[in-house]
Amino acid sequence: MTDETEATDGGSDTAAGADDLALDPWGSSTVSDYRKLFEEFGIEEFEEVLPGVPDPHYLMRRGVIFGHREYDRVARAMANDEPFAALSGFMPTGDPHIGHKLVFDELIWHQEQGGDTYGLIADLEAHSARGISWEEIDEHARNYLLSLIALGFDPEEGELYRQADNTEVRDLAFELGSKANFSEFQAIYGFGGDTSISHMQSVVTQMADILYPQLAEPKPTVIPVGPDQDPHVRFARDLAARLRYFGITEAFASFEVDPDERGLLSRAYEALSRDGSADDGSDEPPRCEDAADWLETNQQESPVRESVVGKLRAAGKEPLRPRVRFLDRNATDEAFEALIEAVEGDKRVFDEHVDSFDLSRPEAEELAREIEIDHGGYGFMLPSSIYHRFMTGLTGGKMSSSIPASHISLLDDPEEGYEKVKAATTGGRETAELQRELGGEADDCPVYELYAYLLAGDDDEFATRVYDECVGGERLCGGCKEQAAELMREFLTEHQEKREEAEEILEDLDVELEAERRGVPGDEH
Ligand code: TRP
Ligand code: SF4
């Protein structure tokens with residue numbers, strides 16, 4: 001389950017160690033087994049947060065958005081009319097296609113739900129990591145922005161920017177870079193001695209993108225992306241935590257414990273405080289050594305018992321009392337002093353931490369953030385993310401920008417879009433007769449995906465009908481593809497009209513459409 005409180009202790013979420021490069025942001029983005037993402041990388045199932053999302057988008061309802069990190073925090077803000085943000089970025093390496101449309105739609109939906117929404121062009125990344133020239137980048141950047149606006153992004157309400165032109169992002173990247181080192185880049189991204197410095201710089205730039213919506217004010221922020229971007233999300237969460245002035249943990253005595261040990265301690269505490277009040281009615285808290293005795297008789301199975309008992313014995317007669325602890329991480333002396341001053345009620349001050357006996361954890365989180373911001377810190381919340389499934393290519397296999405027949409570009413001529421759908425692979429049977437008998441395999445059909453991800457739009461009943469008719473053997477592929485192809489033609493026609501209208505909007509915006517840059521692109525990957 002998601003830890004609802006903030007992992008400012010940075011323990012559970014370390015990006016390092018994810019050295020299995022099944023998730024490679026610059027590799028081929030296919031995912032053979034989505035279950036593995038849950039087990040190996042700790043992505044959570046979207047289904048679990050879905051009930052908390054007000055009026056969810058069809059991509060959420062249909063399981064296209066399948067995973068998340070701490071999206072519950074964003075959903076809660078949305079439901080309570082509190083500030084939240086959404087941000088995603090696009091590498092201008094080619095034409096925007098129907099796979100990118102998923103992310104465009106996710107951003108637009110969050111904007112409609114009231115979020116501060118950002119769309120960015122990852123031109124620094126395209127130049128350094130993909131070797132694209134500035135000239136090409138300009139052309140593609142423009143096309144991404146036009147499609148995003150044409151699909152409904154409101155650039156007056158939200159913000160569109162290019163990494164290369166956003167000095168705040170670049171400054172933040174520099175700052176974040178002081179908490180990131182090469183060994184981590186090796187572990188997370190497989191970087192080596194031949195990786196260019198600019199490529200590394202594009203990584204800290206993306207970290208800055210992800211935290212940019214919180215510069216003015218920390219707020220829950222969702223990053224909608226494909227699962228290949230998860231290493232970036234994990235790293236950004238780590239860096240956000242590392243920049244915090246104070247870490248918050250919960251403890252029972254002066255010593256530190258890990259979450260498992262804390263569980264055990266809490267059991268001892270509960271049992272002893274219950275016994276205590278039953279016996280003599282006194283309010284005396286139990287002593288550490290009493291807890292050690294209790295654990296030794298009552299919790300022989302636990303693998304962490306020995307370590308907890310050791311710590312408890314060393315603490316001896318110290319009373320056992322639950323508390324919220326503020327750990328000094330990066331705080332200036334002044335900030336630490338101010339925090340001590342600001343903790344109300346019963347507290348104990350140590351060299352590098354303060355224990356509060358009266359504050360709840362959320363109250364402590366809020367206070368720590370306030371003090372941090374007042375003293376020149378960012379106070380970042382850990383960014384959240386949602387992950388969508390990759391679309392299958394129309395020719396089977398992966399949908400790739402470099403294989404034109406595998407995808408439909410948002411700039412494809414509507415007739416060409418029609419033809420591509422007509423030529424697509426299906427989940428149909430060898431003969432019409434077999435299809436009537438056995439039904440089609442909609443779950444393995446790129447054409448069905450087109451309906452579910454795009455063509456059926458918000459109409460769940462239509463998407464379900466296509467599915468049921470297919471697997472029930474009432475729908476044959478010829479007619480099914482004809483219908484899909486026509487819908488695709490309609491979609492492209494309409495989208496391209498809207499793109500023309502978007503031209504004017506784009507011209508009026510404050511986005512630099514021509515990079516005043518020279519140089520030689522990087523040559524990795
Ligand atoms: N790396 C992303 C890609 O390959 C682009 C990107 C840059 C991005 N900054 C971002 C995505 C911030 C999400 C959030 O497409
Ligand atoms: Fe795919 Fe349609 Fe054929 Fe079913 S009937 S397999 S959905 S093309």
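Index from 1, following the sequence. Ligands are counted one by one from 1 in listed order, and the atoms in each one are counted from 1 as well. Being a predicted model, the structure only gives us computed values, none of them experimental.
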Parallel, tilted or perpendicular, as decided by the 30° and 60° cut-offs, for the rings of [Y] and [X]:
X    : Y    : result
H110 : F84  : perpendicular
H199 : F191 : tilted
H495 : F491 : parallel

(message) Is the distance between the ring centroids of F66 and Y34 under 6.0 Å?
(response) yes
(request) Establish, yes or no, whether the cationic atom of R329 lies under 6.0 Å from the six-membered ring centre of Y245 and within 45° of the ring axis. (result) no
(message) Quick one about Q201 and R170 (side-chain donor to acceptor, distance below 3.5 Å, no hydrogens or angles considered), yes or no?
(response) no
(request) Determine, using heavy atoms of E469 and all atoms of ligand 2, whether some pair is separated by less than 4.0 Å. (result) no
(request) Mind jotting down which protein residues get a heavy-atom contact under 4.0 Å with ligand 1? Chain and number order, please. (result) L87, S88, G89, M91, L120, A122, E125, Q163, Q206, D209, I210, I223, V225, Q229
(request) State the count of protein N/O/S atoms located less than 2.8 Å away from atom 2 (Fe) of ligand 2. (result) 1
(request) Could you tell me whether the side chain of L394 reaches within less than 4.5 Å of the side chain of S406, counting heavy atoms only? (result) no
(message) Tell me which one of D165, T167, N166, L172 satisfies side-chain contact (heavy atoms from CB on, under 4.5 Å) with V169.
(response) N166
(request) From the options I386, L50, I43, select the one residue that forms a side-chain contact (heavy atoms from CB on, under 4.5 Å) with H68. (result) I386
(message) Between D460 and R62, does any NZ, NE, NH1 or NH2 come within less than 4.0 Å of an OD or OE carboxylate oxygen?
(response) yes
